[in-house]
Amino acid sequence: MTETKRYMVTSALPYANGPLHIGHLAGAYLPADIFVRYLRLMGEDVVFICGSDENGAAITIRAKMEGTSPQEIVDKYDKLIGETFKKIGIHFDKYHRTSSELHHQTSQDFFRVLNKNGEFVKKTSEQYYDVEAQQFLADRYITGTCPKCNHEEAYGDQCENCGSTLSPTELINPKSKLSGATPELRSTTHWYLPMDKYEEWLRPWIEDGTLNGEKHHEPNTWKSHVLGQCKSWLDGGLQARAMTRDLSWGVDVPQELEGSEGKKLYVWLDAPIGYISATKQWAIEQGEPDAWKKYWQDENSELVHFIGKDNIVFHCVIFPIILKAHGDYILPKNVPANQFMNLEGRKISTSNNWAIWVHEFVEDLPGMEDVLRYYMIKNMPEQKDSEFTWKSFQEANDSELVGNIANFINRVITLTNKYYDGIVPEIDINLAINNSIEENKPGNYSEEIELMLKHLDKIDQFIKGYDFRNALKEVMAISDLGNRLLQFNEPWKKIKTEPETVKTVLHLGLQIVGLLSGVSKPFLPFTSDKIQGLLNLPSLAENGGLASIKKSLMNGDSIVPSGHRINKQQHLFSRIPDKVIDAQIEKLNATLVSEPTYDPVKETATFDDFTKMDFRTGTIIEAEKIKKAKKLLKLTVDLGFETRTVVSGIAEFYTPEEVLGKEVVLLANLAPRKLRGVESQGMVLMAEDAQGKLGFVSPESGFGNGFTVR
RNA sequence: CGCGGGGUGGAGCAGUAGGUAGCUCGCCGGGCUCAUAACCCGGAGGUCGCAGGUUCGAGUCCAGCCCCCGCGUCCA
């Protein structure tokens, strides 16, 4: 491994078709921001890049829905997202856009090089084309009947009913999800990247961290779920993947290439290259147009991608292949992907509006940016999914931020003002004071400083290991240490009996406050500035500010020197009243009921169509869960004249106990079908609301079993 | 279904070379009063998903089963 001289850090490009929510922060942006801020504070050379991903079909679809143009959509969200990042204290060296001219050029040049190197294979295939919408359809945008189980709503890539993997052309009676029309097959030619060709170097790179026979990185520093997913892909066999698409909105395939009309670059080719074009733009703005090269092409640079887990294979397999195939680029040293953050027990969902939007948070709860950051870091889904709840948000604020760190700082500042009129007292290095570990145990000033430096080292290790939760805990541990120091030395008592001791203790306390300002800066940048304000010191230098604190402490120098005048105390954090939290919970719950979407009325059915169906009243007399199926219950329904076994997809909403004895309506003449090995003889009628929640359609209680519904 | 991750005191989590089960929050008792009922000390509370195997000894290794979450090629 080569020695690191500089860092190139990227955060996943947010897709410009919606605002940012807390899940985005937790996944890719906060961890990167902490990492970058810390490295800088320690004097490292870092470039931190991000930008809006503005290409692809989803944006054109969104534009159509809103009756506007794709350009207006991306302009709107690029602006909103960029502002949101600033407000929450996340600062990129460059926040760029993939709709920019520079990006188009950069990604096209990349494509040209790969093409010239002979990395692509051109292949023609038949794909479904929606004549009405005038576009080729991605697999997910085609539905039809599954050829294996006759399920009528199978997707073009798989059937959710029987789980088989499909290709769109296998579907019986395919329909476009865009227009509902029957798509037609048209032949289309694309440039494919035969990924299997690269397995030879990719596997040792991922599994052993070796590249070209040399050590590239330590694989056990990669997260287990990242390695797991990569291996799963390798073991499954890499396949050729189309690097171009038939789209209307995106980066054109270089026009001079034959057959390029109407073709755009594949999103996962174009988007990661956005990191590179953003760095180029940064370099231009620095006045050194070539400065980007050393970050992307020099072996002494450490490339790190912060992403969410849904992007793992693109950053660990596809993009590295592209970089290596190009030939001039370095590969990532790590891809610390985070898992997902859930919200109040549900998966965060943009489309269902189940989210905390960051721009709304900043408006609703002004001045609480760092509280959000703190809570998100404390609960960061580093190894597994985690949970955001407003109640625990409040609790973390009240007991940890207010009770621990703000309280400690307030105690020191208050005491200094009270006893010394705000002038930092002198120290006596040799004076015995109680240490901060245990009551009635002697210690001295230097030992306490050493203890603080140990915590600083731990923070360093944790951050470099992408363990931000534990790093944050160490910050809090320093505050704990300060609280104990005061407790065990009781300056409020000793001020009368041992005034010299109090001077030394408070001088030490102020150094701890100064250190807290430094170590909290990567996590709580706004708070760090406030602490500096309390100490009557300028904001810490973003470059090297913490390194110089460390140096001073190691040299035995004070970071808040004797004789310096500090400011009056002020609360760093405040308790959050219940009503504020309740209002947020209410706001969230309101999204569950507001704006229901209604299915359009289906095409007209004749009376005959209706009478073909035989609906009967019945009662559920037995119910059990079907193993290995998350949605299915096996029900036994009493129809009076006979009993039926019915497999029903309601397990997400009802337990077997709850449905026992339930009176229901059954479609009794539905063709029997096997589901998970159980034959289902009919279908229990359910109503489904806008959130997909199911409810029984039942006769009046005690109506009786077996009667016809009409 | 395939693949990946996970199931540890009320909640959230550590436990990465097998040897008395830890942390944060909450709860209970005590102390303190400089501080935003904050701070400090002590305590209760765990069959480490289930039933096996290897071992003198397993949360930690092996095979099996159950449950939760995610991914399966385009919404963190």
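Keep in mind that the numbers below use all heavy atoms, side chains included, and drop hydrogens, waters and symmetry copies. First the proteins, then the strands, lettered A, B, ... as listed; each starts at 1.
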Out of [options], whichever nucleotide has its closest atom nearest the side chain of [X]:
| X | options | value |
| --- | --- | --- |
| A/Trp492 | B/U33, B/C40, B/A35 | B/U33 |
| A/Gln487 | B/C74, B/G31, B/A35 | B/G31 |
| A/Arg484 | B/C13, B/C40, B/G26 | B/C40 |
| A/Asp480 | B/U36, B/G12, B/C40 | B/C40 |
| A/Arg245 | B/C74, B/G26, B/C41 | B/C74 |
| A/Arg575 | B/U33, B/A35, B/A38 | B/A38 |
| A/Glu490 | B/C32, B/A35, B/G12 | B/C32 |
| A/Lys378 | B/A38, B/U24, B/C34 | B/U24 |
| A/Val402 | B/U36, B/G26, B/C74 | B/U36 |
| A/Asn483 | B/U33, B/U36, B/C40 | B/C40 |

Need one value for [X]: base, sugar-phosphate or nothing, where a base atom within 4.0 Å counts as base even if backbone is also close, heavy atoms only.
| X | result |
| --- | --- |
| A/Ala271 | nothing |
| A/Gln569 | nothing |
| A/Gly23 | base |
| A/Met476 | nothing |
| A/Tyr29 | nothing |
| A/Leu572 | base |
| A/Phe573 | base |

Whole-angstrom distance between [N] and [M], as gauged at atom [atom1]:
| N | M | atom1 | answer |
| --- | --- | --- | --- |
| B/C50 | B/C67 | C1' | 10 Å |
| B/G22 | B/C28 | P | 24 Å |
| B/A58 | B/U8 | C1' | 14 Å |
| B/U33 | B/G26 | C1' | 24 Å |
| B/G59 | B/U16 | C1' | 14 Å |
| B/G70 | B/C75 | P | 14 Å |
| B/U36 | B/G15 | C1' | 36 Å |
| B/G31 | B/A51 | C1' | 49 Å |

Report the distance from atom [atom1] of [X] to atom [atom2] of [N], rounded to the nearest whole Å.
| X | N | atom1 | atom2 | answer |
| --- | --- | --- | --- | --- |
| A/Glu395 | B/C13 | CD | C1' | 14 Å |
| A/Asn410 | B/U33 | CG | C1' | 14 Å |
| A/Lys223 | B/G70 | NZ | C1' | 15 Å |
| A/Asn338 | B/C69 | CG | P | 20 Å |
| A/Phe314 | B/C71 | CZ | P | 12 Å |
| A/Lys503 | B/C34 | NZ | C1' | 18 Å |
| A/His315 | B/C71 | NE2 | P | 17 Å |
| A/Asn489 | B/C34 | CG | C1' | 13 Å |

Should the pair [X]-[Y] be classified as a salt bridge under the 4.0 Å nitrogen-to-oxygen rule?
| X | Y | value |
| --- | --- | --- |
| A/Glu400 | A/Lys378 | yes |
| A/Arg373 | A/Asp33 | yes |
| A/Glu490 | A/Lys494 | no |

Task: Distance flag, aromatic centroids of A/Phe306 and A/Phe35, threshold under 6.0 Å - done: yes
Open item on the list: Quick check on the 6.0 Å ring-centre criterion: do A/Phe393 and A/Tyr375 meet it?
Closed with: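 Distance test on ring centres: under 6.0 Å, yes.
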Is there a Watson-Crick or G-U wobble partner for [N] with both distances under 3.5 Å, and if so, which one is it?
| N | answer |
| --- | --- |
| B/G43 | B/C27 |
| B/C3 | B/G70 |
| B/A38 | none |
| B/C61 | B/G53 |

TODO: Using heavy atoms to find the nearest nucleotide of RNA chain B for A/Val226 and A/Asp398 separately, return the residue whose nucleotide is more 5′.
DONE: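 By nearest-heavy-atom nucleotide position, the 5'-most residue is A/Val226.
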TODO: Please figure out whether A/Leu25 or A/Val412 has its closest RNA chain B nucleotide nearer the 5' end.
DONE: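 Taking each residue's closest nucleotide, the earlier one in sequence belongs to A/Val412.
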- [ ] Take atom CD of A/Glu66 as the centre, draw a 6.0 Å sphere, and report whether it contains more than 12 heavy atoms from other residues, nucleotides or ligands.
- [x] yes
- [ ] Answer yes or no: are there more than 12 heavy-atom neighbours, outside A/Lys391 itself, under 6.0 Å from its atom NZ?
- [x] yes
Task: A/Thr527 versus A/Asp370, side-chain donor and acceptor atoms under 3.5 Å - done: yes
